[in-house]
Chemist: 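Before we start, here is the structure in question, set down as structure tokens.
Order of the sequence lines fixes the chain letters, A, B, ..., with proteins taken first and strands second; residue numbering starts at 1 for each chain.
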Amino acid sequence: MSKAHDMGGRLDVRIIDIKSSDQKFKENWEKDVFAITLALGFSGLWNLDRSRFARESLEPKDYLQFSYFEKWLAGLINLLGENGIIEDRKEMKDNFEKNSFRKLEAKNVKKLLQMGGPTKRSCVTEKQFKLEEMVSVKMDNSNGRVEGGHTRLPDYVKGKIGKVIAYHGSHVLPDTNAHFLGENPEALYSVEFKSKVLWAKCENKEDTVIVDLWESYLEKIEI
Amino acid sequence: MKKDILKQFHKGFPSNPEARVRALKITLEKEGLIDQKALDEIIDTYQNKVGPLNGAKIVAKAWTDKNFKAELIGNTDYVLKNMGLNGRQGEHVVVVENTEAIHNLVVCTLCSCYPWPLLGLPPNWYKSDAYRSRAVRQPRTVLNDFNVKLSSSKKVKVWDSTSEVRYLVLPQQPESSKGLSENELVNWVTRDSMIGTGFPKSPKGK
């Protein structure tokens, strides 16, 4: 079942407010949420996939109502709660170990932001698909290992056939990394889908949508 | 008291995010987990230092230097690293080129992934539900919202940023800007032209 955050192709008639503020932060608390989330992202307590999962795990009603930084705030509170730093969830036991916590210091900010968190891994993993090959996306886009878990396979391409147009090497698999089940790097591809394959009413039959998909999201086409 | 504020969070709309964040900060500071100076540095980076000017410089250089353009497209991460333009949310970048036959448009339907080191933080509309849901299904109607009109013979390619690969559109250079220097061209490159929701523009008409 698709979750609130999985928005691609959802019927939405709203006009995009292109004049919507370009101000990066409307209020001061938004700066704090942004900076604290990034700073603690370097602490080693969780990873990027986990923090995305924390935001996606909001109640659908909340996800749709909250502003962008309200979602970040809610996600941050979820993360701090599950680490026992704040008493967010009573049933969570205090598993926070301060000695393994890496506090971000001002002198390291520039270096760490520049480094970022590359997800490409040098190991060469099995690669089943070739460039130009037609592939099928699996029908089930739920996380196979964790019920209700994180995935980066959008609902609107499941079961659809597309063409591999790029191979990006082996990348950390969000489906396991978000749940601390290992990085499990897999081949990552860009797969191009014809719009007419995705949508019953497509605007132009030549248009396409390209989605980055991991090896385990894809299947060979039976001939 | 502050814990009560935090606990309430999941119950409905955060009516007072400011108070919650304040409570959160006090807790984190008391535990010694955050350093205000580091937070200030992060905010300063994204508020004042990193923005679409970075992307514009690359585009202007690609317009005026064929070899650079070929290397930028063929070996993007290496080129960006050498220019100090890689980094968080831009660790793996792919440059997609607009041509007479193809118009590229970038979206992230699952969250709001965006090439931070090249464009800064995303504008509000990029993060909106309407953009995230509509861009893949009806890109031409979306482009119309942005006053971008394309002939039906031009193919639209929509790039959904589902992995850690970030996409930057290399827009077509306007005819009227041909012959200008790299430095002058930088001012023609708009943020939206690098997302695909706009075209480069003369700085006079901006």
Chemist: So, applying side chain to side chain contact (heavy atoms under 4.5 Å, CB included) with B/V21, which one of A/L76, A/L73, A/N28 is it?
Modeler: A/L73
Chemist: Please identify, among B/K154, B/Q36, B/K49, B/R191, the residue contributing the most non-hydrogen atom pairs under 4.5 Å to chain A.
Modeler: B/R191
Chemist: Can you tell me which of B/Q89, B/K37, B/Q47, B/K81 forms the most heavy-atom pairs within a distance under 4.5 Å of chain A?
Modeler: B/Q47
Chemist: Go through it in stages, so that I can follow the logic: the residues are A/H5 and B/R132, the test is side chain to side chain contact (heavy atoms under 4.5 Å, CB included), and I'd like the CA-CA distance, side-chain angles, deciding distance and then a yes or no.
Modeler: CA-CA 9 Å; A/H5 74 277; B/R132 288 168 55 189; 4.2 Å; yes
Chemist: Return the CG to OH distance between A/L113 and B/Y46, rounded to the nearest 0.5 Å.
Modeler: 4.0 Å
Chemist: If you define the side chain from C-beta out and look only at heavy atoms, does anything of B/D160 sit under 4.5 Å from A/V157?
Modeler: no
Chemist: Answer yes if the ring centres of B/W116 and A/F34 are under 6.0 angstrom apart, and no otherwise.
Modeler: yes
Chemist: Among B/G90, B/S152, B/P123, B/S161, which residue has the highest count of heavy-atom pairs closer than 4.5 Å to chain A?
Modeler: B/S152
Chemist: Determine, for B/R140 against A/D207, whether the closest basic-nitrogen to carboxylate-oxygen distance falls under 4.0 angstrom.
Modeler: yes
Chemist: Under a 4.5 Å cut-off applied to non-hydrogen side-chain atoms, are B/I42 and A/K31 in contact?
Modeler: no
Chemist: Between B/P139 and chain A, with a heavy-atom cut-off of 4.5 Å, which part of the residue counts as in contact: side chain, backbone, both or neither?
Modeler: both
Chemist: Using a strict 4.0 Å threshold on nitrogen-to-oxygen distance, state whether A/D32 and B/K25 make a salt bridge.
Modeler: yes
Chemist: Minimum heavy-atom separation for A/E105 to B/A38, with atom names?
Modeler: C-CB, 3.8 Å
Chemist: Are the charged groups of B/E41 and A/K111 less than 4.0 angstrom apart, N to O?
Modeler: no
Chemist: State, yes or no, whether a side-chain contact exists between B/E164 and A/L48 at a heavy-atom distance under 4.5 Å.
Modeler: yes
Chemist: Take A/S190 and B/Y167, measure what side chain to side chain contact (heavy atoms under 4.5 Å, CB included) needs, and give me the verdict at the end.
Modeler: CA-CA 12 Å; A/S190 291; B/Y167 291 91; 3.3 Å; yes
Chemist: Tell me, side chain or backbone of A/L112 under 4.5 Å from chain B's heavy atoms, or both, or neither?
Modeler: neither
Chemist: Under 4.5 Å heavy-atom distance to chain B, tell me which part of A/R14 shows up: side chain, backbone, both or neither.
Modeler: both
Chemist: Where does B/V94 contact chain A at under 4.5 Å (heavy atoms): side chain, backbone, both or neither?
Modeler: side chain
Chemist: How long is the span from the CH2 atom in A/W29 to the CZ atom in B/R22, to the nearest 0.5 Å?
Modeler: 13.0 Å
Chemist: If you take all heavy atoms of B/V50 and A/K24, which pair is closest and at what distance?
Modeler: O-NZ, 4.4 Å
Chemist: Output the distance between atom SG (A/C202) and atom CD (B/Q138), rounded to the nearest 0.5 Å.
Modeler: 12.0 Å
Chemist: If you measure from CG on A/L38 to CZ on B/R88, what distance do you get to the nearest 0.5 Å?
Modeler: 4.0 Å
Chemist: With respect to chain A, which residue among B/V136, B/D145, B/D35, B/D192 yields the maximal number of heavy-atom pairs within a distance under 4.5 Å?
Modeler: B/V136
Chemist: Please classify the contact of A/F69 with chain B as side chain, backbone, both or neither, using a heavy-atom distance under 4.5 Å.
Modeler: side chain
Chemist: Is the shortest side-chain heavy-atom distance between B/H92 and A/K120 below 4.5 Å?
Modeler: yes
Chemist: Kindly give the heavy-atom pair with the smallest separation between A/Q114 and B/N86, and that separation in Å.
Modeler: NE2-OD1, 3.1 Å
Chemist: Hey, is the main chain of A/D212 close enough, under 3.5 Å, to the side chain of B/T162 for a donor-acceptor pair?
Modeler: yes
Chemist: Nearest 0.5 Å, please: how far is NZ in A/K103 from CG in B/L28?
Modeler: 10.5 Å
Chemist: Any donor-acceptor pair under 3.5 Å linking the side-chain atoms of A/E203 with those of B/T141?
Modeler: yes
Chemist: Taking it one step at a time, do B/W125 and A/Y68 satisfy ring pair (Phe, Tyr, Trp, His ring centres under 6.0 Å)?
Modeler: CA-CA 11 Å; B/W125 57 258; A/Y68 181 70; over 10 Å; no
Chemist: Counting C-beta onward and ignoring hydrogens, is there a side-chain heavy-atom pair between A/F101 and B/E31 closer than 4.5 Å?
Modeler: no
Chemist: Do you know which two heavy atoms are closest between A/I85 and B/T27, and how far apart they sit?
Modeler: O-CG2, 4.4 Å
Chemist: Would you compute the distance between atom CG of B/D129 and atom CZ of A/R10 and round it to the nearest 0.5 angstrom?
Modeler: 7.5 Å
Chemist: Should A/E192 and B/K155 count as an ion pair when the cut-off is N to O under 4.0 Å?
Modeler: yes
